[in-house]
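What follows is a short report on a single structure.
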Amino acid sequence: MRPIFLFLAILTVAGAVAALTARQLVHGALYLAGAFAGLALLYLGLGAQFVGLVQILVYVGAVAILIVFAILLTRSSESPQAQRWGRAPWVGLGIGGLVFGALAVAILNSAVTQSPPWPAHSVTMDATVAQVGRSLMTDHVVALEAIGLLLTAALIGGALIALDEGRRFGGAPELGENSPDGTVTRGMPEPSHPGALPRSEGDRGGGAHAGGHGEARGGGA
Amino acid sequence: MTALHYYLLLAALLFAIGFAGALTRRHAIVVLMGIELMLNAANLNLIAFWRYGPQPEALTGMLFVVFAIGVAAAEAAVGLALIIAVYRHYRTPQVDEIRELKG
């Protein structure tokens, strides 16, 4: 075991633990970005340059920022001293420890530990980006097309899911005139009505004020 | 050189950490972060087996990871959009307070 591996492993594991136990969610997102960066360096150390750089681009660059945006959009008014853990955290920790113990026993008893530490014929091999691109365009071109389709669907679906409910069915202006929920609160947490389930009650009330019109539009869409 | 089973142990540890985090925390975004950690642990396994495998010049394991990263990015985008939509509806991101499917 080389010291660089030990360092990167400790960095990654510490980042992961800190990300999942952080008191402030934004700090957790930054620790998670650190863990992802440690994993990217591990990939680079294994000779997978392309995957390491993709990991930095996608995870450290995009997913971490996406998580920060989601945290800011769902920032609740409750204090950070609110209950962070579920009802029985020891059960979850125990299950996690059991999973790790089972995997570790399986790994240490398998034939993997007797394998040579580094295969001789692959010492000089490193996968250049040109090789990766050629392989993507010839052997794996169907998977490449499929993942393009999946990413397009995820883009459209994510935008559609995150849209406001009133805006999604194209009836925002009429809804806005009839109910206060339609225009005032778009995309932003509203101060809730006292003692009411905020959004669902508000929508139902708005629909009642608007009469059958809103109901018909909702059913048609 | 670092032997293969150290990478496998590290991946198992990361998977267990992400799993325990996803099981114990209440905030939906932290649960999603745990799931992302589990996906990354699987990717580390794939890269290590590709590198130490009999035919690393075939690039199969590496391309598997590239596609897995693409799928995980799509999953993160849709998952966070779902969390935002659920938060708008229930006014809470805590997963154990979201008890009913009825909107």
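Quick note: numbers below take in every heavy atom, side chains included, and nothing from hydrogens, waters or symmetry partners. We name chains A, B, ... by the order of the sequence lines, and we start the count at 1 in each one.
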How close do [X] and [Y] get, heavy atom to heavy atom, and via which atoms?
| X | Y | answer |
| --- | --- | --- |
| B:G21 | A:L20 | CA-CD1, 3.8 Å |
| B:M62 | A:V51 | CG-CG2, 3.3 Å |
| B:L37 | A:A16 | CD1-CB, 3.6 Å |
| A:L46 | B:W50 | O-CZ3, 4.2 Å |
| A:V58 | B:A73 | CG1-CB, 4.0 Å |
| B:M33 | A:A29 | CE-N, 3.9 Å |

Task: B:R88 side chain vs A:A162 backbone, donor-acceptor pair below 3.5 Å - done: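 Indeed, once roles are kept as given, a pair shorter than 3.5 Å links the two residues.
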
- [ ] Count the heavy-atom pairs under 4.5 Å between each of A:T21, A:L66, A:L108, A:V63 and chain B, then report the option with the highest count.
- [x]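 Greatest number of close heavy-atom pairs with chain B: A:L66.
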
Open item on the list: Just verifying a value: how many Å separate A:F50 CZ and B:L63 CG, rounded to the nearest 0.5 Å?
Closed with: 8.0 Å

- [ ] Starting at CZ of A:F36, measure out to CD of B:E36 and round the result to the nearest 0.5 Å.
- [x] 5.5 Å

TODO: Verify the distance criterion only: is there a donor paired with an acceptor across the side chains of A:Q55 and B:N43 at less than 3.5 Å?
DONE: no

Task: Region of A:L32 that comes under 4.5 Å of a non-hydrogen atom in chain B - done: side chain

- [ ] Let me know if A:A64 has heavy atoms under 4.5 Å from chain B in its side chain, its backbone, both or neither.
- [x] neither

Is the closest side-chain heavy-atom distance between [X] and [Y] below 4.5 Å?
| X | Y | answer |
| --- | --- | --- |
| B:Y7 | A:L42 | yes |
| B:L14 | A:L39 | yes |
| A:L73 | B:Y87 | no |
| B:L80 | A:F69 | no |

I'd like to verify something: which residue of [options] has the highest number of heavy-atom pairs under 4.5 Å with chain A?
| options | answer |
| --- | --- |
| B:L23, B:I47, B:V78, B:I84 | B:I47 |
| B:A11, B:A74, B:G61 | B:A74 |
| B:T60, B:V95, B:N40, B:L32 | B:N40 |

Table please: side-chain donor-acceptor pairs of residues 136-159 of chain A below 3.5 Å, with sequence neighbours left out.
from, atom 1, to, atom 2, distance (Å)
A:T138, OG1, A:R134, O, 2.7
A:H140, ND1, A:S135, O, 3.4
A:H140, ND1, A:S135, OG, 3.4
A:T152, OG1, A:G148, O, 2.7

Would you mind checking which part of [X] comes under 4.5 Å of any heavy atom in chain A, side chain (CB onward), backbone (N, CA, C, O), both or neither?
| X | value |
| --- | --- |
| B:V30 | both |
| B:L10 | side chain |
| B:F67 | both |
| B:V71 | both |
| B:L82 | both |
| B:L8 | both |

N/O donor-acceptor pairs under 3.5 Å from side chains in residues 96-107 of chain A, not counting sequence neighbours:
none

